[in-house]
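These values consider heavy atoms only, across backbone and side chains, with no hydrogens, waters or symmetry-generated copies. Since the model is a prediction, treat every value here as computed from it, not as a measurement. All ligand and atom numbering here is 1-based and tracks the order in the structure.
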Amino acid sequence: MSRGTIVITGASSGLGAEMARQFAALGYDLGLCARRTERLDELRTEILAAHPERVVAVKQLDVTDDAAVFTVFDAFAAEFGGIDRVIVNAGLGKGAPLGTGKHAANRETAVVNFLAALAQTEAAMSIFRAQGRGHLVMISSISGLRGMPKTLTTYAATKAGVAALAEGLRAEAVPGVDVSVIYPGYIRSEMNDRIKHEPKFMVDTETGVRAMVAAIEKRRAKAYVPDWPWIPIGFALRTLPLPLVRKLL
Ligand SMILES: NC(=O)c1ccc[n+]([C@@H]2O[C@H](COP(=O)([O-])OP(=O)(O)OC[C@H]3O[C@@H](n4cnc5c(N)ncnc54)[C@H](OP(=O)(O)O)[C@@H]3O)[C@@H](O)[C@H]2O)c1
């Protein structure tokens, strides 16, 4: 028996792929999308080998193609007869200090992490409003809690932006629709595996995603994950003066 259907964007690597594995193990059917379909096909084969009773559909999607986002989400909804949860996860970690000639990298991050997240939210909410139910999950970041310096400036702004979108929807209180914002700390993935010095408190993908999945399953409105050390760091980030904030991440 299926516990429901979850659509995950950015499922070809890192947190998205691991969420797919862990939600399949919990009994959910999956609609997975990303640009690298060979990765999605491999993941589908791996999940079905472990859980042959599950249904896993994969579709190619570049989330910066607005029309494709609506088409792909609607196609998953038609295929599964509805969608119970959408996880807006696709993201990019490029960035450079503002005004240093790297506008293209900052723009790309803003487009993928914010504008494309907006399109995904519109597409998901249109399905949820029609169904009268659904769970929207926005993957933000601990770095979205405050303005961040240098290479993180644009990335952090996009992550604050998506959290604000989700909070706006929570304020609207759409009948039958729950909205969760997940603020991961450092979790090993493709996004950070080229960083020379491993950040403090980095956890492996499985451990980090286990904390994300637990918070999502509880439909928490906000979750800093894993709890330790990110709940106290999150509190400090929101309250300390900027010169101290700079030293925390
Ligand atoms: N890892 C961390 O420590 C951490 C911390 C806080 C927040 N996050 C957030 O967690 C989310 C997942 O990141 P990750 O760490 O798992 O990084 P990752 O391993 O680099 O995965 C990023 C995913 O996003 C997809 N993606 C990127 N651009 C896309 C596009 N234009 N269209 C469709 N899919 C696209 C990639 O798929 P394709 O390249 O195949 O399209 C990939 O599946 C991101 O939103 C990130 O900001 C991560």
Side-chain angles (χ1 to χ4, degrees), residues 7-22 30-44 58-69 71-73 86-95 105 107-121 123 137-145 148 151-152 154-163 165-166 180-195 198-209 211-213 215-216 223-226 229-230 233-234 237 249:
V7 167
I8 305 174
T9 66
S12 60
S13 68
L15 313 188
E18 184 58 22
M19 280 193 279
R21 292 185 188 96
Q22 293 191 18
L30 300 169
L32 306 179
C33 42
R35 291 166 301 179
R36 291 171 294 177
T37 45
E38 67 293 348
R39 296 281 204 99
L40 294 176
D41 290 336
E42 281 167 24
L43 180 62
R44 178 175 184 276
V58 305
K59 294 192 192 302
Q60 184 161 44
L61 176 64
D62 182 335
V63 289
T64 64
D65 179 345
D66 282 6
V69 170
T71 305
V72 164
F73 280 28
V86 170
I87 305 183
V88 179
N89 169 72
L92 200 63
K94 277 189 191 173
R107 185 181 189 285
E108 201 183 337
T109 296
V111 170
V112 173
N113 292 6
F114 185 76
L115 283 182
L118 173 63
Q120 292 163 72
T121 304
V137 180
M138 190 68 86
I139 306 301
S140 177
S141 165
I142 279 285
S143 64
L145 291 175
M148 291 289 150
T151 55
L152 275 178
T154 303
Y155 178 80
T158 66
K159 292 299 179 180
V162 295
L165 272 187
S180 301
V181 184
I182 306 298
Y183 297 84
Y186 292 123
I187 302 173
R188 175 68 62 200
S189 75
E190 267 183 26
M191 190 176 281
N192 50 39
D193 70 1
R194 286 182 300 275
I195 296 178
E198 180 157 306
K200 279 177 285 191
F201 307 123
M202 174 85 88
V203 293
D204 65 85
T205 317
E206 193 186 329
T207 305
V209 170
M212 293 172 72
V213 165
I216 293 168
Y224 305 148
V225 291
W230 298 105
I233 291 180
L237 281 175
L249 289 185

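Between Ser12, Ala117, Gly144, it is Ser12 that holds the heavy atom closest to atom 36 (C) of ligand 1. When Ala68, Pro199, Gly91, Ser141 are ranked by how near their heavy atoms come to atom 27 (C) of ligand 1, first place goes to Gly91. Of the listed residues (Glu38, Arg35, Met202, Arg36), the one carrying the non-hydrogen atom nearest atom 28 (N) of ligand 1 is Arg35.
Between Pro184 and ligand 1, a contact under 3.5 Å exists for no N or O pair. For ligand 1, the polar-atom distance check against Thr64 finds no nitrogen or oxygen pair separated by under 3.5 Å. Distances between N or O atoms of Ala34 and those of ligand 1 include no value under 3.5 Å. The N/O atoms of Leu15, backbone and side chain alike, include one that comes under 3.5 Å of an N/O atom in ligand 1. At least one N/O-N/O distance between Glu190 and ligand 1 falls below 3.5 Å. The shortest N/O to N/O separation between Val63 and ligand 1 falls below 3.5 Å. An N or O contact shorter than 3.5 Å is missing between Arg188 and ligand 1 by distance.
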Would Glu18 and Arg21 satisfy salt bridge (Lys or Arg N to Asp or Glu O under 4.0 Å), going step by step from the backbone distance to the final call?
CA-CA 5 Å; Glu18 184 58 22; Arg21 292 185 188 96; 2.9 Å; yes
Just do the side-chain contact (heavy atoms from CB on, under 4.5 Å) check on Met19 and Ile216 with the steps written out, would you?
CA-CA 10 Å; Met19 280 193 279; Ile216 293 168; 4.0 Å; yes
Steps toward side-chain contact (heavy atoms from CB on, under 4.5 Å) verdict (Leu165, Leu118):
CA-CA 8 Å; Leu165 272 187; Leu118 173 63; 4.1 Å; yes
Could you go through the side-chain contact (heavy atoms from CB on, under 4.5 Å) check for Leu15 and Ile187 one step at a time?
CA-CA 8 Å; Leu15 313 188; Ile187 302 173; 3.4 Å; yes
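Nearest heavy atoms, Arg36 versus Ser12: NH2-OG, 3.4 Å. Smallest separation of non-hydrogen atoms from Ser13 and Arg39: CB-NH1, 3.6 Å. Minimum interatomic distance between Val225 and Ala215 (heavy atoms only, all atoms of both residues): CG1-CB, 4.3 Å. Shortest non-hydrogen contact noted between Leu40 and Ala11 is CD2-C, 3.7 Å. Nearest heavy-atom pair across Gln60 and Arg35 is NE2-O, 2.7 Å. Between Val162 and Ala117, the shortest heavy-atom contact is CG1-CB, 3.6 Å.
Taking a cut-off of under 4.0 Å to the non-hydrogen atoms of Gly14, the atoms of ligand 1 that pass are 16 (O), 19 (O). Under a 4.0 Å criterion applied to the non-hydrogen atoms of Tyr186, ligand 1 contributes the atoms 3 (O). Counting atoms of ligand 1 from 1 in the listed order, those under 4.0 Å from a heavy atom of Leu61 are 32 (N), 33 (C). Per-residue contacts place Asn192 under 4.0 angstrom from the following atoms of ligand 1 (heavy atoms of the residue considered): 1 (N), 2 (C), 3 (O).
Distance from atom 14 (P) of ligand 1 to its nearest protein heavy atom, with residue and atom name: Ser189 OG, 3.4 Å. In this structure, atom 25 (C) of ligand 1 lies nearest to the protein heavy atom Gly10 CA, 3.6 Å. Atom 5 (C) of ligand 1 has its closest protein heavy atom at Gly185 O, 3.1 Å. For atom 13 (O) of ligand 1, the nearest protein heavy atom (residue, atom name, distance) is Met191 CE, 3.7 Å. Closest to atom 3 (O) of ligand 1, if we only count protein heavy atoms, is Ile187 N, 2.8 Å. Of the protein's non-hydrogen atoms, Ser13 OG, 3.4 Å is the one closest to atom 18 (P) of ligand 1. In terms of protein heavy-atom proximity, atom 12 (C) of ligand 1 is closest to Asn89 OD1, 3.2 Å. With respect to atom 34 (N) of ligand 1, the closest heavy atom belonging to the protein is Ala90 CB, 3.7 Å.
Shown here are the side-chain contact (heavy atoms from CB on, under 4.5 Å) partners of Arg107, two or more places apart in sequence or in another chain: His103, Val111. The side-chain contact (heavy atoms from CB on, under 4.5 Å) check on Ile142 picks up Leu145, Tyr183, Tyr224, Trp230, Leu237, Leu249, with sequence neighbours excluded.
The only member of Leu115, Val112, Val69 that meets side chain to side chain contact (heavy atoms under 4.5 Å, CB included) when paired with Thr64 is Val112.
Proximity of Thr9 to ligand 1 is not established, as no heavy-atom distance is less than 4.0 Å. Using a 4.0 Å heavy-atom cutoff, Ala17 is absent from the residues neighbouring ligand 1. Contact between Lys159 and ligand 1 is present, with at least one heavy atom of the residue lying under 4.0 Å from the ligand. Under a 4.0 angstrom heavy-atom cut-off, Gly208 registers as lying outside contact with ligand 1. At least one heavy atom of Tyr155 sits closer than 4.0 Å to an atom of ligand 1.
Of the heavy atoms in Ile142, none comes closer than 4.0 Å to ligand 1. Only backbone heavy atoms of Ser140 (N, CA, C or O) come within less than 4.0 Å of ligand 1; its side chain stays farther off.
No donor-acceptor distance shorter than 3.5 angstrom exists from the side chain of Asn89 to the backbone of Ile139, with no hydrogens or angles considered. A donor-acceptor pair under 3.5 Å links the side-chain atoms of Thr109 to the main chain of Lys94, judged by distance alone. Judged by distance alone, the side chain of Thr151 and the main-chain N or O of Gly95 form no donor-acceptor pair under 3.5 Å.
In this model, a donor atom of one side chain and an acceptor atom of the other lie less than 3.5 Å apart for Thr9 and Gln120.
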